[in-house]
Amino acid sequence: MSVEEDTANHGRLLATVHGPQDVKRMSATELDILAAEIRDFLIAKVSRTGGHIGPNLGVVELTLAMHRVFDSPRDRLLFDTGHQAYVHKIVTGRQGGFDQLRQRGGLSGYPNQAESEHDLIENSHASTALSYADGLAKAYALRGESRSVVAVVGDGALTGGMCWEALNNIAATDNPLVIVVNDNGRSYAPTIGGLAHHLSTLRLNPGYEKVLDAVKDALGSTPLVGKPMYEVLHAVKKGIKDAVAPQAMFEDLGIKYVGPVDGHDIAAVETALRAAKNFGGPVIVHAVTRKGYGYRPAEEDEADCFHSPGAFDVTDGKATAAPSVKWTHVFADELVAIADERPDVVGITAAMAEPTGIAKLARKYPERTYDVGIAEQHAATSAAGLALGGLHPVVAVYATFLNRAFDQVLLDVAMHRLPVTFVLDRAGITGPDGPSHYGIWDMSVFGVVPGLRIAAPRDAATLREELREAVAVDDGPTVVRFPTGAVAADLPAVRRVGSVDVLAESARTDVLLVAVGAFGQLGMEVAARVAEQGYGVTVVDPRWVRPIPAELVELATEHRLVVTVEDGVRSGGVGDALAQAMRDADVRVPLRDLGVPPGWYPHGSRNQLLTDLGLTAQDVARDITGWISRLDTEPVDPPRLTPNPTPTPN
């Protein structure tokens, strides 16, 4: 075929794919061509929008094989984590949505029930699919439905404890459930040769299992030698199996195992999946894949194989956005500077070393840095142990993921008054990854923990300052939270009252505007807009939002109206906490709290979502002007009924 003909035909097969049935009809040669076209399609589309390109380049053949063997949506295909589902979306007819991947009105970066009947669980927190699959398989068995459940687990998900809890339960049942281990993190040699193929098939032959059971029963009834003899025979079988198919992770699970198979060989994966499907019980299919497969910049990216880049140049993989100083960079630099001064400071992360900045500490002090895998609960309690041992751990995770470790933070860390600092990246409304990635819960969830202090820096300078203050605390846990993206210019305070920064003042003291964290600049814009209406606004940044600073309550008594603005959920947020502190101090100044109402908000840019939520300078200024103007016509209570405010204990 000439170059011109090849170019003209490029994407020809992909254009014919509108559903899984189209993939089922293809020949082996066509499937290989389709796989190449899908990779080209993904690289072209994701290079413009950003997204999880590396994981999806690694599951192209695996996904095609799954859709050829199983009948989605009757058979349920679950992805763990869901960011591996781009190819699944292509096969199920959603190619047209990739121009707006992870953008308002476009495809979600994860499975989404509203998009397709082929999507069931909208999971972006790892290590959950096996538990979903366990429940689904049990439900179908009880309802008498003959349906396969397939869980694709990989890209680090097997490092999470929930996977192993689920496997323990799955092993105790005989429900048909196929667990596809997408092993893209280890170097296993693909199983080759007739003997290995024969043994894999033999292990999944129900007749073979009946023979083993008969041998077990017969030998088990023989006094003295029965049980030991069966164990010897089982060990021989196991030894032969291990000799041809290494399986360090899957020994002794009690679940049938086939593999490893080359996850980029569609025919081999199909053979393994059909055998697993026909077995009728739980089976692990171990597929070895390469993250970023087929795209050189991804394959050569040692850090994370292009796990989730922003927009990039297809030719060399370099980011197209202009470089900027990110919140994560500021944290990483300051943590290393602190570690230079304090040998007791150590770092912990949960499979997020590069995204959270802990990788920079690891490069300089590898012996003082721990990546525990996708195991936030373990990270928190391990940090407690480190603190008990005389160190000060800094645990860096995304804000949304610390929710998984609430019990450990509450009882293992806080109850023991241990000095552990949790640094929450991606706090607040984050945008393109959707509701399960929004870091809007932490101030409410962890605000109830006794003795825990929460800091919300507004810029690079206060991030550095508050991080140092946090690691100086030696009688309890601390949290430092900040959003994603570029850091705005430093916003200096005009003065400090206790621990509260005053950012702007006016001759009139109509409104105390409490701007939490990165909303400091928004507070300044609001003050200017409200001043145009003749009202004076004092803008403050509390810096430490839990417990509520006593000085913040005192400042409230000097104003006619208090307004809080935060990018966390309103229920139990900073506004709620300040209102309670004011009630406890008998301060009757009215308070209005602005934040995120309870709900599930679709993916989009941060600015789009803040606009939808009414958290823009224009919206907040309009609300404040309306509230304060109404106070001019309403009777006003005295600001305080008792002389001395008592802050609410936390």
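It should be emphasised that the depicted structure is a prediction, and the values quoted were computed from it without experimental measurement. Note: hydrogens, waters and symmetry copies are ignored here, and every other heavy atom, side chains too, is used.
- Inspection of the His83 and Ser308 side chains reveals no N or O donor paired with an N or O acceptor under 3.5 Å.
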* Asked: Step by step, would you call Tyr535 with Asp632 a side-chain hydrogen bond (donor to acceptor under 3.5 Å, both in side chains)?
  -> CA-CA 11 Å; Tyr535 297 106; Asp632 290 336; 3.0 Å; yes

* **Trace of the side-chain hydrogen bond (donor to acceptor under 3.5 Å, both in side chains) decision for Thr421 with Thr478** => CA-CA 5 Å; Thr421 295; Thr478 51; 2.8 Å; yes

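- No donor-acceptor pair closer than 3.5 Å links the side chain of Glu334 to the backbone N or O of Phe331.
- When atom types are taken as modelled, the side chain of Thr611 and the backbone of Asn607 share a donor-acceptor pair closer than 3.5 angstrom.
- One finds a salt bridge joining Arg458 and Asp501 here, because a Lys/Arg side-chain nitrogen approaches an Asp/Glu carboxylate oxygen to under 4.0 Å.
- Side-chain N or O atoms of Ser127 include none that pairs as donor or acceptor with a backbone N or O of Cys163 at under 3.5 Å.
- Contact detail for Gly604 and Leu609: the closest heavy-atom pair is O-CD1, 3.8 Å.
- Contact detail for Val420 and Ala387: the closest heavy-atom pair is CG2-CB, 4.0 Å.
- The shortest distance between side-chain heavy atoms of Lys326 and Ser324 falls below 4.5 Å.
- Two residues are said to be in side-chain contact when any heavy atoms from C-beta on lie closer than 4.5 Å; Ile53 and Pro309 meet this criterion.
- In this structure a side-chain-to-backbone donor-acceptor pair under 3.5 Å is missing from Ser108 to Pro111.
- In this structure, Val330 and Val487 have side chains that are in contact, with non-hydrogen atoms separated by less than 4.5 Å.
- A salt bridge does not link Asp619 to Arg529: none of the charged side-chain nitrogens sits closer than 4.0 Å to a carboxylate oxygen.
- For the side chain to side chain contact (heavy atoms under 4.5 Å, CB included) criterion with Val540, the lone passing option out of Leu512, Val497, Val516 is Leu512.
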* Asked: Could you go step by step and tell me if Leu424 and Val397 meet the side chain to side chain contact (heavy atoms under 4.5 Å, CB included) rule?
  -> CA-CA 5 Å; Leu424 305 187; Val397 295; 3.9 Å; yes

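- Salt bridge present: Asp119 and Arg94 bring a charged side-chain N and a carboxylate O closer than 4.0 Å.
- Interatomic distance, His125 NE2 to Thr400 OG1, rounded to the nearest 0.5 Å: 3.0 Å.
- When only modelled atom types and interatomic distance are considered, Ser131 and Asp134 share no side-chain donor-acceptor pair under 3.5 Å.
- Looking at Glu469 and Arg453, no side-chain N of the basic residue comes within less than 4.0 Å of a carboxylate O on the acidic one, giving no salt bridge.
- Between Tyr110 and His603, the distance from one ring center to the other does not fall under 6.0 angstrom.
- Few gaps surround CZ on Arg104; more than 12 heavy atoms of other groups in view lie less than 6.0 Å from it.
- Counting only heavy atoms from C-beta outward, the side chains of Leu130 and Asp80 never approach each other to under 4.5 Å.
- Inter-residue side-chain proximity for His307 and Pro55 is flagged as met; some heavy-atom pair is nearer than 4.5 Å.
- For the atom pair CG of Leu418 and CG of Asp475, the computed distance is 10.5 Å after rounding to the nearest 0.5 Å.
- To the nearest 0.5 Å, atom CG of residue Leu578 and atom CZ of residue Arg546 are 10.0 Å apart.
- In this structure, Arg606 pairs ionically with Asp567, as a charged nitrogen and a carboxylate oxygen lie closer than 4.0 Å.
- Inter-residue side-chain proximity for Thr538 and Val511 is flagged as unmet; no heavy-atom pair is nearer than 4.5 Å.
- Taken from CG in Leu513 to NE2 in His559, the straight-line distance is 10.0 Å, to the nearest 0.5 Å.
- The OH atom of Tyr398 lies 7.5 Å from the OG1 atom of Thr356; values are rounded to the nearest 0.5 Å.
- Residues Asp593 and Thr564 have side chains that never bring a donor and an acceptor to within less than 3.5 angstrom of each other.
- Between Phe406 and Phe446, the gap from one ring centroid to the other is short of 6.0 Å.
- Applying the side chain to side chain contact (heavy atoms under 4.5 Å, CB included) test between Tyr370 and each of Ile358, Thr349, Leu386, Val395 identifies Leu386 as the sole match.
- Side chain of Glu376 to main chain of Leu402: no donor-acceptor pair is present (N/O by atom type, distance under 3.5 Å, no hydrogens or angles).
- Looking only at side-chain heavy atoms (C-beta outward), Val480 and Pro457 come within less than 4.5 Å of each other.
- Here the straight-line distance linking atom CG of Asp510 with atom CD of Glu558 works out to 13.0 Å at 0.5 Å rounding.
- The backbone N or O of His378 lies less than 3.5 Å from no partner atom in the side chain of Thr381, so there is not a single donor-acceptor pair.
- For the residue pair Ala414 and Pro450, the shortest heavy atom distance occurs at CB-O, 3.8 Å.
- Checked by atom type and distance alone, the side chain of Gln408 never pairs as donor or acceptor with a backbone atom of Val413 at under 3.5 Å.
- Proximity of Val500 to Asp541: side-chain heavy atoms (C-beta onward) are nowhere separated by under 4.5 Å.
- A salt bridge links Lys45 with Asp99: the distance from a Lys NZ or Arg NE/NH1/NH2 to an Asp or Glu carboxylate oxygen falls below 4.0 Å.
- With respect to the salt-bridge test (charged N to carboxylate O, under 4.0 angstrom), the residues Asp576 and Arg570 do not qualify.
- Looking only at distances, no side-chain donor or acceptor of Thr625 sits under 3.5 Å from a matching main-chain atom of Val530.
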* Asked: Would Asp333 and Lys360 count as a salt bridge (charged side-chain N to carboxylate O under 4.0 Å, His left out) if you check the C-alpha gap in whole Å, the side-chain angles of each, and the deciding distance to 0.1 Å?
  -> CA-CA 8 Å; Asp333 290 343; Lys360 184 161 189 175; 2.3 Å; yes

